[in-house]
Amino acid sequence: MTVLPELYEFPLDDECYKVRLALSLMGVASRSRPVDMVPGREHEKPAFLRINPLGTLPVWVDGPVILREAATIVLACARGLKAGNWLPADPAAFGAVMDWLVFSVRDLHAAHQARDCALLGQEEPSPALRAQVRRAFNVMEDHMVLRHIGGHEWFADATPTIADILLFPAFALCRDYGVDHDGFPALRRWMRAMRTLPGFITMPGIPDVT
Amino acid sequence: MTLTTDPVALDAWYAVATASEVTHRPDRTRLLGQDIAIDRCRDTGAIRVRPVLHGGEYGDPLPVIERYACVFTTFGNPDTPIVEIEEAGEPDRRVVPCGWFTIRSSGPRIVENFLDMAHFPYVHTDILGSEPNTDVGPYRAEIRADVDEVWATGCHFWQPRGAATERDGSGMMMHIDYRVPSPFIVMLYRVAPSAPDRRDAIALFIQPMGEELCRAQPVEFLVDEISTHTELLHFEQVIFLQDRLILENQVPRRLPLDGQAEIPTRADTASVAYRRWLAAKGLGYGTILPHGQGERA
Ligand SMILES: [Fe+2]
């Protein structure tokens, strides 16, 4: 009997969705461990802190291995695949994937903050925060315009990679915090392409039509 | 922002917090445009709700009633008590406060969305509805003058997974009654799938922070011996966030009470009754009153 890796997650969290989407697209089996993040704040309680002292979600537990950042969970899962091109070996494409991976963690953090504030906060996200998100989306939009001109539909390679997966939730969910898709036609085209991938799954907050 | 002067909005009870989450440290939020602070008195342990005045000091405490796991307060003199939910007192009921979520919409828009069954197959696909079972059958909507509430009864809809207990997705015809006991509170009663001789109750308590910005918390009163607490939460929260996306896209954010203002197909029977009821009350907060009615300062 094989023991499946476990994913501690909250269904409404955008970081957890990155992992769920990746697992589904890559066909990786796991067991979901739902955590009462809101309203129960279970992720701040002792039982959970024993698993992840940082008190953050998602958490991936695979035997002795514990990973607690969506990007590294997705990266590790892609590395473990026997087949598929989600993490290209070619140095140029690999470099591009890693560059966008860092972008998804660093530059798109504002998107996570804006969504958190819009969903659970007392005020709407500040104009400054939303402007920060738009700047990051503009960088993505410009990149995808050039990729399209060059005959490519994905961020880092000729086929979809984990870069596409890790960038997707922030843009797909931006209506949740009052940023519209309309100003980003290349990203909308990319979003429609993402939806056609076998194993694609959605989450609440993502509009059906882009 | 400052407190509204709308008398109908002022004279109502509002849930503004979950009682178990109130601590000695004041939590700031807003009701009807007025900043308020909610905390637990260090001496008596009683929950206090106080307006936060311009200098940052607290005004006189507002009335507080703890009910249905929530803290209720009011700025005015409500002539009706907080809604009576009989099921809440039953010893085997599971009372599940599902968390406060912020929505850029008006309270009446949120109520109207809750009353609408037609969107189930498209917004809550494979949960509360699925194609081709898209028909909203006939039901009865009425304003009950004796209790001053709006009811929609005899509603039924085919639901693939109408409750957290229905895991196999085989679906069932769900029988639902809707109730609006107060302009910013909406409820439903449905046959409890795992105990067909009893009814589940689900309430949505709306806290209008401004006319076009609300917080809302669904509170469930369920007969369910099967689901875990976390399963019940996540089931309801997913549905709520699906509605949130739709609500935030509606224009205008305030609910027009003029019967001609929106295409009639969207405003079904229950919604028409709710709008008429609000118009008769003259609620101007979060609504657009018919021309000439309730001119606002
Ligand atoms: Fe809905």
Side-chain angles (χ1 to χ4, degrees), chain A residues 6-14 16-17 20 31-45 47-48 57-58 113-127 130 169 172-182 195 201-210, chain B residues 1 16-21 27-31 35-38 69-70 96-105 122-127 164 207 209-210 212-219 227-249 253:
Chain A
E6 292 182 326
L7 175 66
Y8 289 80
E9 60 167 335
F10 176 53
L12 306 188
D13 178 68
D14 46 316
C16 296
Y17 173 57
R20 267 202 316 281
R31 200 158 84 89
S32 172
R33 297 290 301 261
V35 177
D36 172 13
M37 195 175 203
V38 178
R41 310 189 80 85
E42 193 185 343
H43 60 298
E44 295 171 358
K45 305 241 163 89
F48 186 84
L57 288 174
Q113 288 177 303
R115 185 169 175 273
D116 193 57
C117 173
L119 248 53
L120 305 171
Q122 298 289 341
E123 303 278 349
E124 299 187 50
S126 71
R130 269 195 288 231
L173 290 164
C174 66
R175 292 265 191 87
D176 273 350
Y177 48 93
V179 173
D180 216 75
H181 287 153
D182 290 355
R195 287 183 165 285
I201 51 169
T202 187
M203 78 166 269
I206 300 179
D208 285 336
V209 182
T210 311
Chain B
M1 279 210 279
V16 292
T18 305
S20 63
E21 292 173 0
D27 269 329
R28 287 279 286 270
T29 183
R30 190 176 297 143
L31 179 62
D35 283 348
I36 54 174
I38 306 161
C70 293
V96 186
C98 295
W100 291 95
F101 293 93
T102 308
I103 312 176
R104 282 177 302 137
S105 185
Y122 313 105
V123 176
H124 310 296
T125 312
D126 299 334
I127 306 174
Q207 173 195 336
M209 294 195 277
E212 301 185 352
L213 183 69
C214 294
R215 297 201 312 157
Q217 164 156 264
V219 179
S227 310
T228 67
H229 182 74
T230 304
E231 280 170 344
L232 293 175
L233 286 175
H234 292 174
F235 183 84
E236 186 64 24
Q237 289 171 347
V238 163
I239 291 169
F240 192 78
L241 251 70
Q242 290 170 336
D243 283 320
R244 184 180 178 278
L245 179 69
I246 305 304
L247 277 163
E248 294 208 346
N249 281 328
R253 287 188 189 162

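Proteins get letters first, then strands, A, B, ... in listed order; numbering begins at 1 in each.
- Interface remark: A:D208 contributes side-chain atoms only to the contact with chain B (heavy atom separation under 4.5 Å).
- Under 4.0 Å is where a charged nitrogen must lie from a carboxylate oxygen, and between A:R41 and A:E44 at least one such pair does.
- With a 4.5 angstrom heavy-atom cutoff, B:L241 touches chain A via backbone and side-chain atoms both.
- For the pair A:F10/B:H234, a side-chain contact is recorded, criterion being any heavy-atom separation below 4.5 Å from C-beta on.
- Looking at B:R244, only its side chain comes within 4.5 Å of chain A, counting heavy atoms on both sides.
- For the pair A:R33 and A:L7, the minimum side-chain heavy-atom distance is 4.5 Å or more.
- By the 30° and 60° cut-offs, the orientation of the rings of A:Y8 relative to A:F48 is perpendicular.
- Neither the backbone nor the side chain of B:H124 comes within less than 4.5 Å of any heavy atom in chain A.
- Of the possible polar contacts, none joining the B:T18 side chain to the B:C70 backbone as a donor-acceptor pair under 3.5 Å is found.
- Contact of B:Q217 with chain A is not made at all, since no heavy-atom distance falls under 4.5 Å.
- When each of A:G205, A:G178, A:G40, A:C117 is scored by its heavy-atom pairs under 4.5 Å with chain B, the top score falls to A:G205.
- In this structure, chain A has a heavy atom under 4.5 Å from the backbone of B:Y122, while its side chain stays farther away.
- Contacts between B:D243 and chain A at a heavy-atom distance below 4.5 Å are absent for every atom of the residue.
- The side-chain hydrogen bond (donor to acceptor under 3.5 Å, both in side chains) check on B:R104 picks up B:E248, with sequence neighbours excluded.
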